[in-house]
Protein chains: 2
Amino acid sequence: MKISEASEQSGLRVKTIRYYSDIGLVAPSGRNDAGYRQYDKTSLQQLIFIRRAREFGFSIPECRDLLGLYSDKARSSADVKKIASTRLEDIRKKQDELQCLHDELFHLVQNCRGDDRPDCPIISNLAEMK
Amino acid sequence: MKISEASEQSGLRVKTIRYYSDIGLVAPSGRNDAGYRQYDKTSLQQLIFIRRAREFGFSIPECRDLLGLYSDKARSSADVKKIASTRLEDIRKKQDELQCLHDELFHLVQNCRGDDRPDCPIISNLAEMK
DNA sequence: CTAGTCTCTCCATTAACTGGAAGGTCAAGG
DNA sequence: CCTTGACCTTCCAGTTAATGGAGAGACTAG
């Protein structure tokens with residue numbers, strides 16, 4: 001199939017697929033006479049795999065690793081679990097940070113009258129040294 | 001004060017302060033004879049303000065807006081509240097996404113034996129079309 | 001006077017694409 | 001046969017918010 005169909009099937013944009021091809025992440029299965037990229041079942045699977053992994057927040061280098069593991073029939077599940085667990089930790093940390101942020105900002109918004117007067121705890125707070 | 005002291009006082013790196021100066025976000029109060037950037041109390045306050053706002057996840061354009069509101073003695077607290085509320089909504093959305101991600105990935109990690117065998121639900125799941 | 005630490009500007013690089021220009025290819029319609 | 005439009009190609013530039021480094025000027029201590 002051509003790139004536009006691979007795009008539809010994978011849920012990735014044409015530009016993105018070309019980009020992945022450029023950086024050597026997912027190579028097309030071949031090229032036709034006109035030089036058009038061709039994608040077969042395997043390369044399409046890889047594209048889908050990458051899209052999903054990216055949605056999970058795995059970086060491109062991590063995706064590269066995972067794709068290697070994905071293709072490697074001899075790898076242990078422990079190898080994969082290790083990468084995924086690290087990513088899970090990242091998510092938990094990010095969640096905590098976001099929660100702090102949310103609480104603090106929510107507090108500020110709550111305490112701001114939001115009227116015509118200039119007094120505003122949000123501004124005052126941001127200006128504080130912390 | 002010179003840029004390195006402004007850096008210490010504000011918690012921003014020297015490079016970052018120069019960058020803010022370049023993009024016209026926070027201009028130094030002046031330059032000395034040697035062309036060194038000088039920061040006074042007001043410009044330092046602005047740097048601190050920006051650092052805090054950035055930590056809250058406000059983008060540079062948003063920081064620019066907020067800084068305008070910060071300096072504008074005539075602005076209403078409603079203007080500020082509006083920007084902050086939008087940001088709060090962004091945070092909530094991000095939290096939800098992160099929660100979904102966490103649950104899904106946690107489930108996968110839980111179900112992976114993490115042993116020497118190649119069978120791995122994480123890999124299988126990533127390879128699935130969704 | 002010199003060594004070391006600032007500081008300056010300018011340029012390149014980062015992540016992961018995205019947009020656009022200029023040009024080649026292909027199928028359908030007139 | 002020709003044209004129109006939808007694809008496809010490569011290459012170059014831009015995005016965000018800095019960061020790193022080169023090369024050169026300024027300042028301070030010994």
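To find a chain, count down the sequence lines: A is the first, B the second, and so on, and within it residues start at 1. Just the heavy atoms: all of them, side chains too, but no hydrogens, waters or symmetry mates, feed the values below.
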request  = Just jot down the side-chain hydrogen bond (donor to acceptor under 3.5 Å, both in side chains) partners of B/Q110, sequence neighbours excluded, or say none.
outcome  =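 side-chain hydrogen bond (donor to acceptor under 3.5 Å, both in side chains) list for B/Q110, sorted by chain: empty.
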inquiry  = Under the rule for side-chain hydrogen bond (donor to acceptor under 3.5 Å, both in side chains), what residues qualify as partners of A/E5, not counting sequence neighbours?
reply    =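 With sequence neighbours excluded, A/E5 shows a side-chain hydrogen bond (donor to acceptor under 3.5 Å, both in side chains) to no residue whatsoever.
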message = By the salt bridge (charged side-chain N to carboxylate O under 4.0 Å, His left out) test, which pairs, at least two apart or in different chains, include something from residues 21-30 of chain B?
response =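 Output for this query lists B/D22-B/R37.
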inquiry  = Test: salt bridge (charged side-chain N to carboxylate O under 4.0 Å, His left out). Region: residues 57-68 of chain B. Which pairs qualify, not counting sequence neighbours?
reply    =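 Passing the test, one end in residues 57-68 of chain B: no pairs.
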Mind checking what makes side-chain contact (heavy atoms from CB on, under 4.5 Å) contact with [X], not counting sequence neighbours?
X: A/N32; result: A/A34, A/Y36, A/Q38
X: A/R13; result: A/T16
X: B/D40; result: B/S29, B/T42, B/S43

Atom pair distance, as rounded to whole Å: [atom1] in [X] and [atom2] in [N]:
X: A/M1; N: D/dC8; atom1: CE; atom2: C1'; result: 16 Å
X: B/I17; N: C/dC6; atom1: CD1; atom2: P; result: 14 Å
X: B/E8; N: C/dT5; atom1: CD; atom2: C1'; result: 14 Å
X: A/I3; N: C/dT25; atom1: CD1; atom2: P; result: 17 Å
X: B/R51; N: D/dA17; atom1: CZ; atom2: P; result: 17 Å

Results of ring pair (Phe, Tyr, Trp, His ring centres under 6.0 Å) for B/H102 - residues two or more places apart only =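 Expected list: B/F106.
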query = What pairs with B/R54 under salt bridge (Lys or Arg N to Asp or Glu O under 4.0 Å), at least two apart in sequence or on another chain?
reply =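 With neighbours one apart ignored, the set is empty.
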Protein and nucleotides 21-23 of chain C: nitrogen or oxygen contacts under 3.5 angstrom:
none

task = Report which part of the nucleic acid A/R18 touches: base, sugar-phosphate, or nothing (heavy-atom distance under 4.0 Å, all strands).
result =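 Base contact.
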key: Side-chain donor/acceptor of A/S21 to backbone N/O of A/A27, under 3.5 Å   =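 Not at all, since once roles are kept as given, no pair shorter than 3.5 Å links the two residues.
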Pick out the pairs of N or O atoms, protein on one side and nucleotides 3-6 of chain D on the other, that lie under 3.5 Å.
none

query = Which sits closer to the 5' end of DNA chain C, A/R13 or B/S4, going by the nucleotide each is nearest to?
reply =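 The 5'-side residue here is B/S4.
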request  = When you get a sec, tell me which of D/dA17, D/dC8, C/dT18 is the closest nucleotide to the side chain of B/Y19?
outcome  =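 From the listed options, D/dA17 comes nearest.
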task = Taking only heavy atoms on the protein side, list every residue of residues 21-37 of chain B lying under 4.0 Å from any atom of DNA chain D, sorted numerically.
result =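 Within residues 21-37 of chain B, the residues near DNA chain D are B/A34, B/Y36.
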message = With a cut-off of less than 4.0 Å, is there a side-chain N or O of A/T16 near OP1 or OP2 of C/dA16?
response =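 For C/dA16, neither OP1 nor OP2 has a side-chain N or O of A/T16 closer than 4.0 Å.
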inquiry  = I'd like to know if A/E55 pairs up with A/R51 as an ion pair, taking the criterion as any Lys NZ or Arg NE/NH1/NH2 lying under 4.0 Å from an Asp or Glu carboxylate oxygen.
reply    =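 Yes, this pair counts.
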